Amino acid sequence: MSGDGQGGPRATGFFHEEPLSFEYPPAEQGGVALRPLDVPAVDPAAAMAGAALRDDGLAGLPNLSEFEAVRHFTRLSKLNVSIDAAMYPLGSCTMKYNPRINEVVAREPALLHAHPLLPDALVQGTLEAMHRLQALLCEITGLPAVTLQPAAGAQGELTGVLLIRARQAAQGERRAHILVPDSAHGTNPASAHIAGYSVREVKSGPDGCVDVADLARKMDADVAGLMLTNPNTLGIFERDIRRIADIVHGQGGYVYCDGANMNAQVGIARPGDYGMDVLHLNLHKTFSTPHGGGGPGAGPCLCTAELAPYLPVPRVEARGGQYVLDWDAPQSIGKVSTFFGNTGILVRALSYILALGGDGLKEMTQVAVLNANYLRLHLRDVLALATDAPTLHEVVFSDATLAQHGGITTLDLAKRLMDYGFHPPTTYFPLTVHGALMIEPTESEPKAELDRFVAAVKAILAEADRDPELVKTAPHLAPRRRLDELLAARNPVLRWTKEPE
Ligand SMILES: *Cc1c(COP(=O)(O)O)cnc(C)c1O
């Protein structure tokens with residue numbers, strides 16, 4: 001199967017069915033070839049093994065030959081849409097290329113095979129890598145203290161909110177609320193709830209930024225702080241960021257910055273310099289470690305010196321020429337993850353940062369912003385921009401003009417993009433934009449791929465003018481058409497069971 005050139009739909013690797021391994025007919029040869037027993041079966045272990053292999057509990061397990069198993073997993077891998085196959089413009093998710101040098105470094109045997117319970121003296125290299133990464137993240141964000149433990153962005157958020165809670169508790173305060181703008185990622189209110197707060201929503205203005213007057217009205221002495229995404233989910237740098245921080249600080253609150261969108265700032269602006277008290281990073285977004293499909297992540301949490309005593313333990317410290325895990329922190333909120341986090345992901349991020357260097361990281365940010373604005377410029381005549389404000393790393397369109405094309409919706413456009421070999425952009429988020437289509441190309445994409453994306457969007461709109469059903473029933477080049485997403489969310493079937501015979 002091959003592409004049919006610029007702008008046309010192309011049959012991709014995901015146009016096929018693959019049954020579960022359980023559903024394969026029993027292999028003629030069987031999956032395992034056991035030699036016939038040529039000694040008397042008197043050894044208890046051998047007798048037990050024999051009994052286990054005859055156990056009816058194993059009936060129904062897949063029985064594939066080696067070759068069938070290889071094909072099965074190879075076909076499954078082709079169903080896996082990934083950044084390695086084509087542009088993956090999922091807004092807010094920063095699906096960038098994962099340089100293979102990261103994989104080489106992470107597979108260094110001394111790092112890969114280090115047991116998490118080894119004494120500090122035997123894992124000096126791993127601890128040094130963590131320590132260097134900590135220092136680099138502090139430099140990048142302008143915040144002096146950090147924990148690498150959280151295993152995802154959302155867990156970094158929870159950690160950060162718990163730091164604020166611990167700080168205020170130490171001052172004898174128990175505040176009830178957290179402010180969250182209406183454009184926030186869903187994990188923000190969820191993290192605030194889990195940390196024991198109720199959420200007060202702050203409105204956005206017509207320009208997509210926080211409505212500062214609404215913030216000032218809602219910020220009072222019963223509010224622990226504000227969770228703010230900057231640049232926000234429209235890709236806009238909050239113009240009044242200093243005033244926002246002053247309003248929150250003025251009432252004894254703290255500003256939590258959701259730094260998942262740090263790809264728009266690295267090397268240019270530092271949250272610690274513009275008044276943010278606590279921040280999480282998504283290493284699996286900004287710093288290129290692979291993600292998607294629930295794979296391992298890392299959401300380091302950084303904070304001011306004031307909040308530092310509450311950071312999780314253990315902490316990686318350098319002391320007398322040695323690296324040590326320090327557990328001595330009486331005010332710590334405790335552990336938030338096993339051992340000291342997802343080490344393999346941390347090592348990949350360190351490799352990425354060192355490979356690019358300061359100038360390279362700055363260029364990464366600049367090209368990410370350039371690419372998003374390139375798409376903005378080339379699509380603004382055919383789709384309706386959510387806001388006129390200049391955007392940074394991503395661009396958001398509304399569905400205001402889509403219905404003119406045969407009545408199609410954001411969902412239809414996104415689904416048809418799959419037939420053109422693109423992972424759909426983020427849809428219907430942020431909630432503040434009607435029928436939002438949120439596109440984040442990242443700096444990885446060459447101009448030719450951006451042009452192919454623009455051509456695909458234009459071709460789909462033309463298709464919708466001619467034959468709306470074609471677009472409304474897309475995707476056509478995938479093993480499934482439209483899934484019932486509501487049913488999937490409400491009634492998830494997470495376990496395979498053999499159908500009753
Ligand atoms: C991705 C993202 C998160 C959550 O990160 P996870 O690692 O998926 O938990 C939080 N906020 C924003 C703005 C994000 O884009």
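Indexing begins at 1, ligand by ligand and atom by atom, following the structure's order. Excluded from the calculations below are hydrogen atoms, water molecules and symmetry mates; all remaining heavy atoms, backbone and side chain alike, are included. Keep in mind that this is a model prediction, so the values were computed, not measured.
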Under 3.5 Å, which donor-acceptor pairs link side chains of residues 270-281 to any protein atom two or more places apart or in another chain?
{"unit_1": "R270", "atom_1": "NE", "unit_2": "D273", "atom_2": "OD2", "d": "2.9"}
{"unit_1": "R270", "atom_1": "NH1", "unit_2": "E139", "atom_2": "O", "d": "2.8"}
{"unit_1": "R270", "atom_1": "NH2", "unit_2": "D273", "atom_2": "OD1", "d": "3.3"}
{"unit_1": "Y274", "atom_1": "OH", "unit_2": "N230", "atom_2": "ND2", "d": "3.0"}
{"unit_1": "Y274", "atom_1": "OH", "unit_2": "Q265", "atom_2": "OE1", "d": "2.5"}
{"unit_1": "D277", "atom_1": "OD1", "unit_2": "H249", "atom_2": "NE2", "d": "3.3"}
{"unit_1": "D277", "atom_1": "OD2", "unit_2": "H249", "atom_2": "NE2", "d": "2.7"}
{"unit_1": "D277", "atom_1": "OD2", "unit_2": "V255", "atom_2": "N", "d": "2.7"}
{"unit_1": "H280", "atom_1": "ND1", "unit_2": "Y256", "atom_2": "OH", "d": "2.7"}
{"unit_1": "H280", "atom_1": "NE2", "unit_2": "N282", "atom_2": "OD1", "d": "2.8"}

| request: Give a yes-or-no answer on whether the side chains of E440 and T94 include a donor-acceptor pair shorter than 3.5 Å. | output: yes
Any protein N/O atoms within less than 3.5 Å of an N/O atom in ligand 1? List the atom names and distances, or say none.
{"unit_1": "ligand 1", "atom_1": "5 (O)", "unit_2": "N282", "atom_2": "ND2", "d": "3.0"}
{"unit_1": "ligand 1", "atom_1": "7 (O)", "unit_2": "G153", "atom_2": "N", "d": "2.7"}
{"unit_1": "ligand 1", "atom_1": "7 (O)", "unit_2": "N282", "atom_2": "ND2", "d": "3.2"}
{"unit_1": "ligand 1", "atom_1": "7 (O)", "unit_2": "H284", "atom_2": "NE2", "d": "2.7"}
{"unit_1": "ligand 1", "atom_1": "9 (O)", "unit_2": "G153", "atom_2": "N", "d": "3.4"}
{"unit_1": "ligand 1", "atom_1": "9 (O)", "unit_2": "A154", "atom_2": "N", "d": "2.8"}
{"unit_1": "ligand 1", "atom_1": "11 (N)", "unit_2": "D258", "atom_2": "OD1", "d": "3.3"}
{"unit_1": "ligand 1", "atom_1": "11 (N)", "unit_2": "D258", "atom_2": "OD2", "d": "2.6"}
{"unit_1": "ligand 1", "atom_1": "15 (O)", "unit_2": "S92", "atom_2": "O", "d": "2.8"}
{"unit_1": "ligand 1", "atom_1": "15 (O)", "unit_2": "S92", "atom_2": "OG", "d": "2.7"}
{"unit_1": "ligand 1", "atom_1": "15 (O)", "unit_2": "K285", "atom_2": "NZ", "d": "2.7"}

| said: Checking side-chain hydrogen bond (donor to acceptor under 3.5 Å, both in side chains) between E443 and each of N263, T365, N371, which is the one that passes? | reply: N263
| field | Main-chain N/O of R315 paired to D326 side chain as donor or acceptor, under 3.5 Å | value | no
| Are N98 and E103 close enough that a side-chain donor and a side-chain acceptor fall under 3.5 Å? | no
| message | Between D451 and Y374, do the side chains contain a donor N or O and an acceptor N or O under 3.5 Å apart? | response | yes
